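Reviewing the structure listed below.
Values below: every heavy atom of this structure, side chains too, minus hydrogens, waters and symmetry copies. Here the structure is a predicted model, which means the values were calculated and not measured. Chain letters run A, B, ... following the sequence lines, proteins first, then strands; residues in each count from 1.
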Amino acid sequence: MAFPHRLDAPELPDFSMLKRLARDQLIYLLEQLPGRKDLFIEADLMSPLDRIANVSILKQHEVDKLYKVENKPALSSSEQLCFLVRPRIKNMRYIANLVNADKTAGRTRKYKVIFSPQKFYACEMVLEEEGIYGDVSCDEWAFSLLPLDVDLLSMELPEFFRDYFLEGDQRWINTVAQALHLLSTLYGPFPNCYGIGRCAKMSYELWKKLEDEEDSESKGRRPEIGHIFLLDRDMDFVTALCSQVVYEGLVDDTFRIKCGSVDFGPEVTSSDKSLKVLLNAEDKVFSEIRNEHFSNVFGFLSQKARNLQAQYDRRRGMDIKQMKNFVSQELKGLKQEHRLLSLRRCKLKYKSQFTVLIPALGRLRSENHSRHYLKKPKNKNKNRDISWPLSYAPALFFLPSGLIPKDYRSLKTQYLQSYGPEHLLTFSNLRRAGLLTEQAPGDTLTAMESKVSKLVTDKAAGKITDAFSSLAKRSNFRAISKKLNLIPRVDGEYDLKVPRDMAYVFSGAYVPLSCRIIEQVLERRSWQGLDEVVRLLNCIEFAFTDITKEDKASSESLRLILVVFLGGCTFSEISALRFLGREKGYRFIFLTTAITNSARLMEAMSEVKA
Amino acid sequence: MDCYTANWNPLGDSAFYRKYELYSMDWDLKDELRDCLVAAAPYGGPIALLRNPWRKEKAASMRPVLEIYSASGIPLASLLWKSGPVVSLGWSAEEELLCVQEDGAVLVYGLHGDFRRHFSMGNEVLQNRVLDAQIFHTEFGSGVAILTGAHRFTLSANVGDLKLRRMPEVPGLQSAPSCWTTLCHDRVTHILLAVGPELYLLDHATCSTVTPPGLAPGVSSFLQMAVSFTYRHLALFTDTGYIWMGPASLKEKLCEFNCNIRAPPKQMVWCSRPRSKERAVVVAWEKRLMVVGDAPESIQFVLDEDSYLVPELDGVRIFSRSTHEFLHEVPVASEEIFKIASMAPGALLLEAQKEYEKESQKADEYLREIQELGQLTQAVQQCIEAAGHEHRPDMQKSLLRAASFGKCFLDRFPPDSFVHMCQDLRVLNAVRDYHIGIPLTYSQYKQLTIQVLLDRLVLRRLYPLAIQICEYLRLPEVRGVSRILAHWACYKVQQKDVSDEDVARAINQKLGDTPGVSYSDIAARAYGCGRTELAIKLLEYEPRSGEQVPLLLKMKRSKLALSKAIESGDTDLVFTVLLHLKNELNRGDFFMTLRNQPMALSLYRQFCKHQELETLKDLYNQDDNHQELGSFHIRASYAAEERIEGRVAALQTAADAFYKAKNEFAAKATEDQMRLLRLQRRLEDELGGQFLDLSLHDTVTTLILGGHNKRAEQLARDFRIPDKRLWWLKLTSLANLEDWEELEKFSKSKKSPIGYLPFVEICVKQHNKYEAKKYTSRVAPEQKVKALLLVGDVAQAADVAIEHRNEAELSLVLSHCTGATDGATADKIQRARAQAQKK
């Protein structure tokens, strides 16, 4: 079953303009260095760049060869080198080494560094310290918003999460504010703003400051998007850490969707070549199943195949053009889906050996089986995918706001022994970010402890409510989930084919906290009546609403909502909000610093040897 | 109307020159102009007088006095000259007064006598003294040319961007040139000088002799030379009373004139208007003024008083003690309209309008006449243009009225030219007012542009007028009103007699949130006047923190700057302040400051992590942050150190830090790692192969894979690896080796702490069902069904499940039954189920 959009759903603004803007600016910057040149691109920027300007466009503007910025000496022979990098100190060193090597060799070339999305003073300073500031020219490519899909904009800044939530580094906030400013100049002001979280508030204030400084020209514009909602990732780590069971989320968890496309290796395509598939709303089949619970997907696809056969029989009636279209669109899609499907089936089986990690439910079960899991990862996961077992750790400890020291220790010991001592730092990072907590010694929650130990021995893990009430009296999450009814009462089978609420994205067991907050605030048009929740989120100072009373906004635009996830969002959340939109007649647009999932969050936290 | 042309003087057949009074001068001069050094700025600019410039007496009353007046003679400044003797005065394009001293120093004063700066024209000038100097204007700005006592020239084409150029020597020059001037064409400045009968042209490399073509013979010396306002023409006055006029390139002769006066003229300047073919030179002697052009006769005026000539774009200003006059060629439009018996359309229109006012039918006749010729448009245009060139408002009005009257009979006459002329004239009349004293003509105004005019008003501190003009012309706020308000504020902060509070309040009241006003600029000015407190107060009004910070840093309020930068949320700004602080404070203070600003601290830490590891360590040390210190050394142990000893040492430091942080676990883990490292080293020495940097489990696995079972077990014991885990490790390693024999031996070594299901699983995974089956019998009963299913023995699995009477197991087996082959088994299960239900 597919969810068609409601007929009265508002039109989405055209975000392809952002791409054109970025491309034009890049071309302009490349033209600033006339003549043939070699382009060095940072690995992280390659996929986004690919979505903006392909190689032939670059060649048109006299880019000779493309290199990747990596820790290898570059063998470029061009007289002009252009670097397209993120503003990182590491990259500056790379450039400095290259330039200094040229200097020692007595070679003079032209160097140009293009920072995306902006340059930082620290970078310039490193260039200066390395003594090459005068040799390079610096420019900014203000490419901060990449439209991954018709309703999804990504800043492609995965490091935002680590920088802000772990290191407390606020440098990206300016970038966010500028991106918002760009949106409001292109698509009109936002009459209604809501937000929660420290970062959200700072971004919002910085953005408003930018608006104030600008000339008042844009102020008379009619808003195209009626609401904006800013949300910090640390409001809701739980949802992000859950394994995803919506189709798109699942694909992301298994294959990693990178910049809106996914690479299927030879083992998936069952041929020698790997295949790159673009996943977005243009792919009809995919757009129909992306938001589905995966258990529905198989049925849907076989249905689709039958239809296809039927259409095949009708093909006599088609003219050539229709036929072509048909073949290229649907057939291709279906083939891919089939391939993907067959692979995914076995992947899923493999996965289910571990667990079907459904949030809340899954977490309790894992609590239950904790000992088991603690041993398993190292044995089963020979491919050394570090993030995968680690993502259990917070899942285990996040809710009870602290783990019994004994268990915590044994977990850590085993983890360190299997993955190396550098992960001692990973644990300290997790702690710092508040993803992992240990009960302070002496802080004995004996009642709870006994309950947990009882649960550990209790094989029947059905008593969810029971477990929740006993676990962690101090846990805010518990209170919040009760307050917002995040764990729907399970009476009878949850029919995943006909979702009733947003919980369907987690098999009906859990409504994503972030999405629920958004729903509630939009319903009330303010934070009023949510004081308790805000307090529990420790965000009394950081929840804000700003509503303009002007009636310039059309009713159409008032049903468009831009949701900004600071620190990344998951496909499950996107699906849940898309569902909410259909139910309430809204249309959500997503802006995220990056697409994330549990594995990516954990990677961001882990220390890896360089 | 007959009297209107009374002050018109014909020069030749085609041109008229007229002289009219601009102002009667308000100044009360004690001395004659001839006793002063005089400089008047073009474009109706101010007049500077230096009285007693040549007196060297020390008596205070006789000291030179520098006075600055507006063009209408209103005193703007007066100050006692205390510096060295001045050779020459001149105004720059920015209306700054340049005073060239004998020693080559140039002092720069503002319009109000405020000292701005000074610069020197170089050592050579200093040594040889200045004989003469000229200030000239080029497209780059204002330049200074100096003739030194050694008869050499030094010049700078732009005093704003001082680059001294020494001109080449004139060969055989013994005495000072009789006259000289600067010439500019093609962006190069030349100097033309006359020595006796010779003319020399100096460019920056060469000196060449030039001869003006067609120069009358008998010249033994040139007394005066003049270059036109645009550097296009040159006039030479010889000792025979002969005037030669030609282009500045000296390629041809335009005309010549013999005035038969051999006395050297006091001044000689060009008087021509742009785009006019007429060329004329105005020559002034003590009592006589002569306009000379391409005509046999000249125009002569008698000068009652000592006068001074100021060349302008379209004429000459002449001022004396009592009057200020303007002499120029009558513009074509005015000439057409006002010439006696003119039948030009404009003249007729003016007449028609007058008759119309008299309610005479002649108005119609005149109009018809114009219309019959089809020249009404032209007539209106002529009247509008002529109005622009009139100085007297009543004449402007009557011409504009005529234009407006004529417009009524035209269908489609675009209104802009009329409207703009009205606006321009209003502005011009306002600035020409006696109190303002900027006698601009229409052509000068257009050349100058409104922006520059506004700047000049601001320079004269005429803020209200400037604002009124902006509002009247509806200039955009940013370029108009707010800019002027900002200038006003900058002036306001210099009023030292008003308290900081009052100034800040007054400024804020007036400026409010006017767009485009930069409070930080005003604050910078306040700081420039030494009013730091006021500057800080003003900065409070600055909405953009980014603008506040640099000034605060400059004022050494670094800590305030830091908090402002943090407030702004701009990390780059924070970083700028941090680096500033780092250099300014000693390390301890710097760290203390950071400690109070967590945001700055984390930013700095991030930077240190990449660039200055040692500083990072110091930071943690200072905070007694042993936990982070430990982490720091851990990172160092694998990132920075290469040698094993170094790594162990780093780990030891880390462990100590962890103990201090009371993080026993981390300390223990670190110590374990130290032991492991040493051990791995030993293993590498003894067994060869790669052990370093493997995790403990991988070390065990590697040992097992290498067949060193004993050592593996020893290692497990040493590091207290639980039995279960050791079994898992061994199991997987052996299976990977496909050493089935050893695996079997291992399974029998003692009772497996992890059960036997994993054995089955791992064999199946290695596609060895045969081996897998060996272990199924030993699998614990509750897992047996699963194990049997894994090896594919559905039938037996069914049996076991039935035996267990476990519903879940039954369904599991059932789901594995495939079609034909397992049909019997499926039936069996169904039967068993039915039986179970019966019971």
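Residue B:K668 does not touch chain A at all, counting heavy-atom pairs closer than 4.5 Å. Neither the backbone nor the side chain of A:E205 has a heavy atom closer than 4.5 Å to any heavy atom of chain B. In this structure, the portion of B:F658 lying under 4.5 Å from any heavy atom of chain A is its side chain and not its backbone. For a residue to count as touching a neighbouring chain, one of its non-hydrogen atoms must lie under 4.5 Å from one of that chain's; by this rule B:L601 does not touch chain A. B:A669 touches chain A through its side chain: at least one heavy atom from C-beta onward sits under 4.5 Å away, while N, CA, C and O do not. In this structure, chain A has no heavy atom under 4.5 Å from any part of B:R605.
Residue-environment remark: CZ (B:R717) exceeds the threshold of 12 foreign heavy atoms within 6.0 Å.
Heavy-atom proximity under 4.5 angstrom to chain B picks out A:D169, A:Q170, A:R171, A:N174 from residues 169-178 of chain A. For residues 116-126 of chain A, heavy-atom neighbours of chain B at less than 4.5 Å comprise A:K119, A:F120, A:Y121, A:A122, A:M125, A:V126, sorted by residue number.
Annotation: maximal heavy-atom pairing with chain A below 4.5 Å, among B:V574, B:L579, B:L573, B:L731, occurs at B:L579.
Closest approach of A:G168 to B:S602, counting heavy atoms only: O-OG, 2.8 Å.
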